[in-house]
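Contents: one structure, followed by commentary.
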Amino acid sequence: MMELRKTLAGRIALTAIATLILLFLALPIVVIVVTSFSSNAFAAFPPEAWTLNWYKALFADGSKWPAALSLSALVAALSTVFSLIIGVTAATALTRSELPLRSAVFALVLGPLVIPQIVTALGLFLLFEPAAMLGSPLAIALGHTVLASPIAVLILIATLRGIDERLEDAAASMGAGRMTIARRITFPLAAPGMIAAAIFSFITSFDEFYISQFLSSVDTVTLPVQVYNSLTFEIDPSVTAVSAILIAFAILALGLVALVRWLGSGRQESLLSVENTVGVANPGGEAV
């Protein structure tokens with residue numbers, strides 16, 4: 001691979017291969033987006049004619065999509081809050097404390113990412129069914145938190161490990177307590193990572209199907225479950241419009257993550273430069 005990079009032909013070949021791979025990965029997305037504008041009631045590709053009727057049908061009178069969309073948004077918002085609480089506390093404990101059995105705790109936190117989702121969904125069903133919580137948005141949000149919180153923990157662990165601990169040590173040496181250090185130093189520097197964790201937690205919950213399918217009821221149907229029902233029990237071309245909207249939402253969310261991380265990338269460097277200018281002394285006692 002390194003030999004290919006050294007020649008013009010090698011660089012061209014690598015570029016062509018990478019382009020083909022990206023096109024292959026993006027092809028299903030392109031097909032869905034293009035099909036959502038097709039006038040064919042069976043969602044044929046390529047479209048014979050173009051229309052916006054399927055987007056208009058999403059919000060027509062009697063449509064089930066607005067209720068499913070609002071429920072998914074509510075559940076995802078609750079799950080995001082729960083995931084951030086778990087993520088901040090777990091990431092802080094794993095990176096800023098001498099936690100016993102740290103490896104075992106870390107493996108336990110990441111367990112839901114390894115266990116098949118349908119197994120997790122069945123376990124949650126058996127947990128919430130005796131409590132008569134099936135169909136409750138809170139139960140669905142708690143179930144989604146099981147999958148979203150490990151992602152938040154991973155992002156926040158990487159974020160906290162990227163924060164220079166000299167800043168926290170400098171604040172502690174000046175008499176600041178742990179809460180003050182967290183409020184004035186750690187959390188502001190970790191804000192881009194926290195926002196990224198919130199966005200990915202929201203997306204994870206918003207797109208989750210298995211847990212929603214097991215925990216939903218007739219009156220509480222999330223958007224992924226409604227998409228499944230529409231594809232299973234009826235032919236509804238509006239599904240392609242919903243899919244295109246979800247794709248656009250995911251792209252915007254990833255763009256927002258990139259923007260937030262870019263805007264916050266210089267904050268730690270600026271604080272370090274201030275510390276090196278006014279807060280560090282050489283062995284001779286002179287400020288540098």
Side-chain angles (χ1 to χ4, degrees), residues 72-115 117 120 124 137-172 174-208 211 250 253-272:
S72 288
L74 173 62
V75 169
L78 292 174
S79 180
T80 299
V81 174
F82 299 152
S83 298
L84 277 181
I85 294 173
I86 295 174
V88 170
T89 54
T92 302
L94 290 170
T95 58
R96 293 294 191 268
S97 66
E98 298 298 330
L99 189 67
L101 302 175
R102 179 179 302 178
S103 298
V105 173
F106 185 68
L108 181 63
V109 170
L110 299 185
L113 297 180
V114 180
I115 300 173
Q117 294 184 11
T120 303
L124 291 170
L138 179 60
I140 301 175
L142 291 173
H144 289 184
T145 303
V146 175
L147 296 181
S149 57
I151 298 175
V153 171
L154 286 175
I155 294 175
L156 290 171
I157 284 177
T159 300
L160 292 177
R161 285 178 176 173
I163 296 176
D164 198 317
E165 295 190 26
R166 290 180 298 169
L167 298 172
E168 299 174 349
D169 294 338
M174 300 177 67
R178 289 191 175 184
M179 292 301 298
T180 302
I181 294 174
R183 180 171 55 87
R184 300 292 298 273
I185 303 295
T186 307
F187 287 165
L189 290 177
M194 295 174 67
I195 295 175
I199 293 175
F200 279 107
S201 298
F202 189 94
I203 294 175
T204 300
S205 174
F206 200 81
D207 292 339
E208 172 55 33
I211 292 176
L254 293 177
L256 179 60
V257 170
L259 177 62
V260 169
R261 295 186 70 85
W262 177 73
L263 291 176
S265 61
R267 300 184 65 182
Q268 182 170 334
E269 287 78 0
S270 62
L271 284 176
L272 282 172

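Residue Ile195 holds its CD1 atom at 13.0 Å from CZ of Phe200, rounded to the nearest 0.5 Å. One distance of note links CD1 of Ile151 with CG of Leu156; it measures 12.0 Å at 0.5 Å rounding. Atom-to-atom distance recorded for Leu110:CG and Leu154:CG is 5.0 Å, nearest 0.5 angstrom. Atoms CG and CG, on Leu254 and Leu259 in that order, are 12.5 Å from each other to the nearest 0.5 Å. Rounded to the nearest 0.5 Å, atoms OG1 (Thr186) and CG (Leu189) are 7.0 Å apart. Rounded to the nearest 0.5 Å, atoms CD1 (Ile181) and CZ (Phe187) are 11.5 Å apart.
Considering only heavy atoms from C-beta on, Val75 comes within 4.5 Å of Ser205 through its side chain. Side-chain atoms of Gln117 and Ile211, non-hydrogen and from C-beta on, never get closer than 4.5 Å to each other. Proximity of Thr159 to Met194: side-chain heavy atoms (C-beta onward) are nowhere separated by under 4.5 Å.
The shortest heavy-atom contact between Pro112 and Leu147 is O-CD2, 3.7 Å. Between Ile155 and Ala197, the shortest heavy-atom contact is CD1-CA, 3.9 Å. The heavy-atom pair separating Phe82 from Ala141 by the smallest distance is CE1-CB, 4.3 Å. Scanning both residues, Ala90 and Val153, for their nearest heavy atoms gives CB-CG2, 4.0 Å. In terms of heavy atoms, Thr80 sits closest to Ala198 at CG2-O, 3.5 Å. Of all non-hydrogen atoms in Ala73 and Phe206, the two that sit nearest each other are N-CE1, 3.8 Å.
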Determine whether Val146 and Leu142 satisfy the following criterion, side chain to side chain contact (heavy atoms under 4.5 Å, CB included), listing intermediate values before the conclusion.
CA-CA 7 Å; Val146 175; Leu142 291 173; over 6 Å; no

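The side-chain contact (heavy atoms from CB on, under 4.5 Å) test with Pro150 singles out one residue from Thr204, Thr145, Leu113, and that residue is Leu113.
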